[in-house]
Amino acid sequence: MVNAEGVHKRFGRLEVLKGITLQVMPGEVMCLLGPSGSGKSTFLRCINHLEKINSGRLSVDGELVGYRQMGAKLHELREAEVARKRSEIGMVFQNFNLFPHMTAEQNVTCAPMRVKKLPRDDAAARSRELLDRVGLAGKVDTYPSQLSGGQQQRVAIARALAMDPKLMLFDEPTSALDPELVGEVLGVMQQLARDGMTMVVVTHEMGFAREVADSVVFMDAGVVVESGRPADVLNNPREERTRAFLSKVL
């Protein structure tokens, strides 16, 4: 589903990604672990072309992200084409990013109606189904300011799912939540994993990585230091840098 080959990303003189190569299979849950500044979130944003890579190749479901190959050269797609491809990839951000002037239902129906031209009644029915799926059936007409952080994040997940994505990206989805609210969001993500959704998750929740992930990637300073099954990486890491990191967070 995701194939990254030697992905580099710079911001001016700062090289944030230094040749990331990894693959995510359909239905796989991959957790990206590592200290702040290691490039995890930047790589996640490159997957849906919110950040443009400087070199390497990155494809989702067999198609290059943001580019078209013509002969030996890559040509950047027009923004409308990029947006169409991006609509197939759901993304849940750290800080929810809900529209404050819209109810939970309106937040979920907005994109399907505008992007996919779904009729209002169909979009509303789908919205109510998804809000029920994330445990918010009684919050359909509630505004974000009236919801807890965990509830807002679950609305954000429902909003991403409303576009019927083939891939879901989560950028530290619980880091802005009070500790007692983390479980309700992770519970929704666990159910998505059981339903077979392909997911790439940047997280510091080691319990989630251990229990739900099919693979774990430890990144530091813009490179993949170590990757493998959660039991191997978390319980018996090969690299000293991985052991040092895990000693502080486990």
Student: May I ask you to decide whether Arg126 forms a salt bridge with Glu129, counting only side-chain N to carboxylate O separations under 4.0 Å?
Tutor: yes
Student: Working note: Gln152 + Gln146, criterion side-chain contact (heavy atoms from CB on, under 4.5 Å); need CA distance, chi angles, decisive distance, verdict.
Tutor: CA-CA 9 Å; Gln152 290 185 61; Gln146 301 168 310; over 6 Å; no
Student: Just wondering, more than 12 heavy atoms not from Arg10 lying within 6.0 Å of its CZ?
Tutor: no
Student: Got a donor-acceptor contact below 3.5 angstrom from the Lys40 side chain to the Gly34 backbone?
Tutor: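 Between the backbone of Gly34 and the side chain of Lys40 there is a qualifying donor-acceptor contact (under 3.5 Å).
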Student: Is it the case that the side chain of Lys9 and the backbone of Lys52 share a donor-acceptor pair, with hydrogens and angles ignored and the cut-off at 3.5 Å?
Tutor: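 Yes.
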Student: Walk me through it: do Tyr143 and His101 pass the test ring pair (Phe, Tyr, Trp, His ring centres under 6.0 Å)?
Tutor: CA-CA 7 Å; Tyr143 288 90; His101 62 289; 8.7 Å; no
Student: Any carboxylate oxygen within less than 4.0 angstrom of a Lys/Arg side-chain nitrogen, looking at Glu15 and Lys18?
Tutor: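 So Glu15 does not pair with Lys18 through a salt bridge.
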Student: May I ask you to check whether over 12 heavy atoms, not counting those of Arg194, lie within 6.0 Å of atom CZ?
Tutor: yes
Student: Which of these, Leu136, Val185, Val134, sits in a side-chain contact (heavy atoms from CB on, under 4.5 Å) with Gln151?
Tutor: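 Of the listed residues Leu136, Val185, Val134, the side-chain contact (heavy atoms from CB on, under 4.5 Å) partner of Gln151 is Leu136.
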Student: Before accepting this row, confirm whether a basic side-chain N of the pair Glu79/Arg86 lies closer than 4.0 Å to the acidic partner's carboxylate O.
Tutor: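 Yes, this pair counts.
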Student: Please check this pair: side chain of Glu226 against backbone of Arg238, looking for a donor-acceptor N/O pair closer than 3.5 Å.
Tutor: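 Flag set: sc Glu226 to bb Arg238 pair under 3.5 Å.
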Student: Indicate the atoms forming the closest heavy-atom contact of Pro173 with Val202, along with that distance.
Tutor: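 Pro173 and Val202 have their closest heavy atoms at CD-O, 3.6 Å.
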Student: Count the heavy atoms of every other residue, nucleotide or ligand shown that sit under 6.0 Å from CG of Asp195, and state whether that count exceeds 12.
Tutor: yes
Student: Kindly determine whether Met91 and Arg45 satisfy side-chain contact (heavy atoms from CB on, under 4.5 Å), including the steps that lead there.
Tutor: CA-CA 9 Å; Met91 187 158 185; Arg45 292 170 66 85; 4.0 Å; yes
Student: Taking all non-hydrogen atoms of both residues into account, name the closest pair between Gly90 and Ala160 and its distance.
Tutor: CA-CB, 4.1 Å
